[in-house]
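Heads up: numbering here begins at 1 and tracks the sequence. Quick caveat, the model's predicted, so the values are computed rather than measured.
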Amino acid sequence: MRQNFVAGNWKMNLTLPEAQALTSEIVQMMHDELTGPAPQVVICPPFPLLAGVGHLLGDSGNPALGAQNCHQKESGAYTGEVSAKQLQSVGCKYVILGHSERRQHFHEDDALLAAKLKTVLAAGLKPIFCVGESLETREADETFDFIGKQLKDGLFHLSNEEFDQVVIAYEPIWAIGTGRTASSQQAQEVHAFIRERVAVAYDAQAAANTTILYGGSCNAQNARELFSQADVDGGLIGGASLKSRDFVEIVKSF
Ligand code: 13P
């Protein structure tokens, strides 16, 4: 279902007490300040903090709990890894997959991500699947080819029913953590391209129903302009999700 949507990716930040304080502030501010229909909000803490943060989110499903990664196997001898079923058992509803930091630092490729998607969906979790080009790719004018390939090789093997559960996030690598946001026009252009690719791979209805987020230096100042674009349904927020006031301002930017 296409919906207004904001997810906070805390990456490898915060201790449990810090995470719980931040969560309580976000929940309280959302309760006090949101009028009208709320966007779907998802908070994605590091693995060890999931349960402790999840307890503070309440039963409404908004905010929902999400993880930042997940192993592709169901269970077994994979020391240090975390399964989809474990995430589901501590209350996760969403999992970020294919973040550029995982692709870059942990060499996750499209084939691995395709396998992770299947496992996550089989456990009843909703993937937030990330795509995005490097500066080099953009400057070589290869952005659309590159993202088209990430979608085709990583995502479009899913059935219609499976694809229905997926949220897509466009995160240009050059905009992540750099303070250099994509212009709303650059974001819209790529989002429209992604939606068009979904229509070709599935159908027009699937394209119209897909939630597509923008991520990369999205903050309380630029969120409204980005979210006002026709094909931008919300944001995947890094740095600004670590400050309750900034994050809630972004949540209110529709
Ligand atoms: P920043 O908002 O810090 O640029 O990070 C974006 C991101 O990577 C979210 O997943």
Side-chain angles (χ1 to χ4, degrees), residues 3-70 82 86-102 105 120 125-128 130 167 169 171 175-179 181 211 213-224 226-227 232-254:
Q3 55 191 157
N4 291 339
F5 197 110
V6 176
N9 174 9
W10 289 356
K11 307 192 179 182
M12 197 174 71
N13 293 297
L14 307 177
T15 61
L16 182 59
E18 289 166 349
Q20 289 184 317
L22 175 60
T23 304
S24 300
E25 287 167 20
I26 291 170
V27 167
Q28 190 63 46
M29 287 180 189
M30 282 178 58
H31 176 266
D32 292 347
E33 298 174 28
L34 279 180
T35 49
Q40 176 64 56
V41 176
V42 182
I43 291 176
C44 304
F47 289 139
L49 313 186
L50 282 167
V53 165
H55 287 313
L56 301 175
L57 294 180
D59 301 326
S60 73
N62 205 13
L65 191 64
Q68 300 173 17
N69 179 34
C70 170
V82 174
Q86 289 166 336
L87 296 177
Q88 195 267 341
S89 76
V90 295
C92 281
K93 299 282 185 260
Y94 293 86
V95 185
I96 299 171
L97 290 178
H99 193 282
S100 61
E101 289 152 15
R102 302 249 14 126
H105 304 310
V120 158
L125 298 167
K126 293 174 194 283
I128 300 174
C130 304
V167 172
E171 296 207 316
I176 295 176
T178 57
T181 323
T211 301
L213 311 179
Y214 169 78
S217 298
C218 182
N219 59 38
Q221 284 71 47
N222 58 30
R224 192 170 291 278
L226 286 159
F227 298 175
V232 179
D233 301 311
L236 178 54
I237 317 298
S241 72
L242 297 169
K243 296 186 192 116
S244 53
R245 174 45 59 204
D246 290 20
F247 186 64
V248 173
E249 289 306 319
I250 294 169
V251 168
K252 288 158 65 181
S253 297
F254 289 93

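A 4.5 Å side-chain heavy-atom check between V248 and K252 finds at least one atom pair inside the cut-off. With a 4.5 Å cut-off on side-chain heavy atoms, I237 and D246 do not count as touching. A heavy-atom distance below 4.5 Å is found between the side chains of M29 and R245. A 4.5 Å side-chain heavy-atom check between L57 and T23 finds at least one atom pair inside the cut-off. Residues T178 and S217 form a side-chain contact, since some pair of their non-hydrogen atoms from C-beta on lies under 4.5 Å apart.
By the 30° and 60° cut-offs, the orientation of the rings of F254 relative to F227 is parallel.
In this structure, L56 CG and E25 CD are separated by 11.5 Å, a value rounded to the nearest 0.5 Å. In this structure, SG on C44 lies 7.5 Å from CG on L65, to the nearest 0.5 angstrom. Atom CG in L213 sits 7.0 Å away from atom CG in D233 (nearest 0.5 Å). Expressed to the nearest 0.5 Å, how far CD1 of I128 lies from CD of Q68 amounts to 10.5 Å. Taking CG of L97 as the start and NZ of K126 as the end, the distance is 14.0 Å to the nearest 0.5 Å. Between the CG atom of L16 and the CD atom of E18 there is a distance of 9.5 Å, given to the nearest 0.5 Å.
Of all non-hydrogen atoms in A240 and C218, the two that sit nearest each other are CB-O, 3.8 Å. Closest approach of G216 to T181, counting heavy atoms only: O-CG2, 3.5 Å. Of all the heavy atoms in C70 and V95, the pair that sits closest is CB-CG1, 3.9 Å. Scanning both residues, L125 and C92, for their nearest heavy atoms gives CD2-O, 3.0 Å. Considering every non-hydrogen atom in both A67 and L50, the closest pair reads CB-CD1, 4.2 Å. Nearest heavy atom pair, residue L22 against residue S244, reads CD1-N, 3.4 Å.
Judged purely by atom type and a 3.5 angstrom limit, N62 uses its side chain to pair as donor or acceptor with the backbone of P39. Using a distance-only test at 3.5 Å, with no hydrogens or angles considered, a donor-acceptor pair links the side chain of Q20 to the main chain of G52. Here the side chain of W10 pairs no donor or acceptor atom with the backbone of I43 at under 3.5 angstrom. Not one N or O on the side chain of Y94 forms a donor-acceptor pair closer than 3.5 Å with the backbone of I96. Checking side-chain atoms of E249 against main-chain N and O of Q221 turns up no donor-acceptor pair under 3.5 Å. Side-chain atoms of T211 never come within 3.5 Å of backbone atoms of V167 as a donor-acceptor pair (strictly under, hydrogens ignored).
More than 12 heavy-atom neighbours from other residues, nucleotides or ligands sit within 6.0 angstrom of NZ on K11.
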